[in-house]
Amino acid sequence: MATAAADRARILGCEIDRLDMEQTVERCEQMMRDARGAQHVAVNAAKLVAYQGDAELRSIIKSCAIVSADGQSVVWASRLLGDPLPARVAGIDLMHRLLGLAEEKGYGVYVLGARRSVLERAISELRRHHPRLRIAGYRDGYFADAESEEVARQIREADADILLVAMSSPRKEYWLAKHGAATGVRFVMGVGGAIDVVAGETRRAPAWMQRAGLEWLFRLLQEPRRMWRRYLYTNTRFAALLAQELFKRRVLGARR
């Protein structure tokens, strides 16, 4: 149930839906009603870099029903390339909107991923903020590949409508491609580190840093030893890819 190509912007080869937050929530709700196994994927600079050299990830993203621009840098890139997206749709904000929707409509939610201690704190917070939310079940993300079929079976037996997967990329995309159908859920969304934020394990950047596209810097300041290599490579590579694409479109395109 992918969106028509005309409704998508093409950024470094990846097609991203031209939807703002309200439109995205509306589309997700439609899929929860009408579909089974519909998947949302959030795309940021790091994922666009990975998209270039990972054929499996490329195929998975192309098959997703909704592709959102999670990073502000992706929105800025779309404008520079003359194929503008209306707004950023931050994955964590979308998750909270959908949890509110699930509470209102009675949809069951299953959370898969994160460390068990972190996940349990997050579930307590979700129950505090959404007292009527039906949490169908939850499980940490520390399991072997050989356990994946059993994990998918547990999710299916929990009778969940929505599956939130709090694993890192591209592990969550690979896992869902292989086992998502077996979970039997209506709607799947990868939420990455959002569960860590809900649990209070990590903090989210202030609003002004979000607007300025500096969430990566805030994360780097929280975990410098773990994150500096990743961001150095990702940001440099993303800038290089964008410059290359701009050159092709504006310089080479003008000569034709």
Side-chain angles (χ1 to χ4, degrees), residues 1-3 17 19-43 60-61 63-70 89-114 116 118-141 143 148-167 169 172-173 175-199 204:
M1 192 174 176
T3 308
D17 288 296
L19 301 174
D20 61 19
M21 179 63 76
E22 296 302 324
Q23 292 167 326
T24 302
V25 172
E26 184 179 341
R27 181 74 59 78
C28 290
E29 182 178 8
Q30 176 190 342
M31 291 177 179
M32 289 174 195
R33 291 195 309 264
D34 303 338
R36 183 159 293 276
Q39 183 175 340
H40 169 276
V41 64
V43 174
I60 292 167
I61 291 175
S63 72
C64 288
I66 308 177
V67 183
S68 295
D70 180 57
V89 180
I92 187 170
D93 294 333
L94 178 60
M95 180 189 76
H96 283 299
R97 291 289 302 271
L98 296 182
L99 287 169
L101 177 66
E103 182 179 26
E104 178 188 344
K105 301 292 186 180
Y107 294 132
V109 176
Y110 195 105
V111 184
L112 175 66
R116 184 159 189 84
V118 172
L119 180 58
E120 287 174 347
R121 293 203 306 272
I123 293 297
S124 295
E125 285 297 304
L126 292 180
R127 285 175 170 151
R128 184 167 70 87
H129 288 287
H130 301 280
R132 294 180 293 110
L133 178 66
R134 182 169 70 87
I135 298 178
Y138 58 93
R139 193 203 190 287
D140 66 78
F143 55 87
S148 289
E149 290 185 6
E150 173 61 18
V151 171
R153 184 190 65 78
Q154 290 172 3
I155 296 169
R156 189 179 192 93
E157 290 184 352
D159 194 29
D161 300 293
I162 302 169
L163 174 60
L164 303 178
V165 184
M167 297 177 184
S169 291
K172 64 177 175 288
E173 286 84 10
W175 193 88
L176 287 169
K178 190 171 183 180
H179 303 285
T183 66
V185 299
R186 291 181 176 275
F187 183 82
V188 180
M189 177 182 177
V191 296
I195 294 301
D196 287 352
V197 175
V198 172
R204 192 174 181 198

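- Taking A152 as the reference, W175, H179, A182, T183 meet the side-chain contact (heavy atoms from CB on, under 4.5 Å) condition, with sequence neighbours excluded.
- The CG atom of D70 sits 9.5 Å away from atom CD1 of I92, with the distance rounded to the nearest 0.5 Å.
- Remark: R121 engages E201 in a side-chain hydrogen bond (donor to acceptor under 3.5 Å, both in side chains) (not counting sequence neighbours).
- Between Y110 and A136 the shortest heavy-atom distance is CD1-C, 4.3 Å.
- Closest approach of G113 and L119 over heavy atoms only: O-CD2, 3.6 Å.
- Rounding to the nearest 0.5 angstrom, the gap separating the CD atom in Q23 from the CG atom in D17 is 10.0 Å.
- E103 meets the side-chain contact (heavy atoms from CB on, under 4.5 Å) test with H130, P131, R132, L133; sequence neighbours excluded.
- With rounding to the nearest 0.5 Å, the separation of CG in L126 from CG in L99 is 6.0 Å.
- For the pair V41/I60, no side-chain contact is recorded, criterion being any heavy-atom separation below 4.5 Å from C-beta on.
- Salt bridge annotation for R116-E120: present, with a cationic side-chain nitrogen under 4.0 angstrom from a carboxylate oxygen.
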- Message: Set out, in order, the CA-CA distance, both residues' side-chain angles and the distance that settles side chain to side chain contact (heavy atoms under 4.5 Å, CB included) for R97 and T24, then state yes or no.
- Response: CA-CA 10 Å; R97 291 289 302 271; T24 302; over 6 Å; no

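- To the nearest 0.5 Å, atoms CG (D93) and OG (S68) are separated by 11.5 Å.
- A search for salt bridge (charged side-chain N to carboxylate O under 4.0 Å, His left out) contacts involving R156 returns nothing, not counting sequence neighbours.
- Within the 4.5 Å cutoff, the side chain of V89 has no heavy atoms near those of the L19 side chain.
- No side-chain heavy atom of V185 sits under 4.5 Å from any side-chain heavy atom of Y107.
- Looking at every heavy atom in both residues, Q39 comes nearest to C64 through O-CB, 3.5 Å.
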- Task: Take K105 and E29 through the side chain to side chain contact (heavy atoms under 4.5 Å, CB included) test and state the conclusion after the steps.
- Result: CA-CA 10 Å; K105 301 292 186 180; E29 182 178 8; 3.2 Å; yes

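- Taking all atoms of both residues into account, the shortest heavy-atom contact from A114 to D140 is O-CB, 3.2 Å.
- For R186, the side-chain contact (heavy atoms from CB on, under 4.5 Å) test picks out R36, D161, with sequence neighbours left out.
- Distance check: M189 CE to L98 CG gives 6.0 Å after rounding to the nearest 0.5 Å.
- E104 pairs by the side-chain hydrogen bond (donor to acceptor under 3.5 Å, both in side chains) definition with nothing, not counting sequence neighbours.
- For the pair H96/V198, a side-chain contact is recorded, criterion being any heavy-atom separation below 4.5 Å from C-beta on.
- With rounding to the nearest 0.5 Å, the separation of OH in Y138 from CG in L112 is 13.0 Å.
- Between R139 and V151, the shortest heavy-atom distance links the atoms NE-CG2, 3.7 Å.
- Counting heavy-atom neighbours within 6.0 Å of E26 CD, excluding the residue itself, gives a total of 12 or less.
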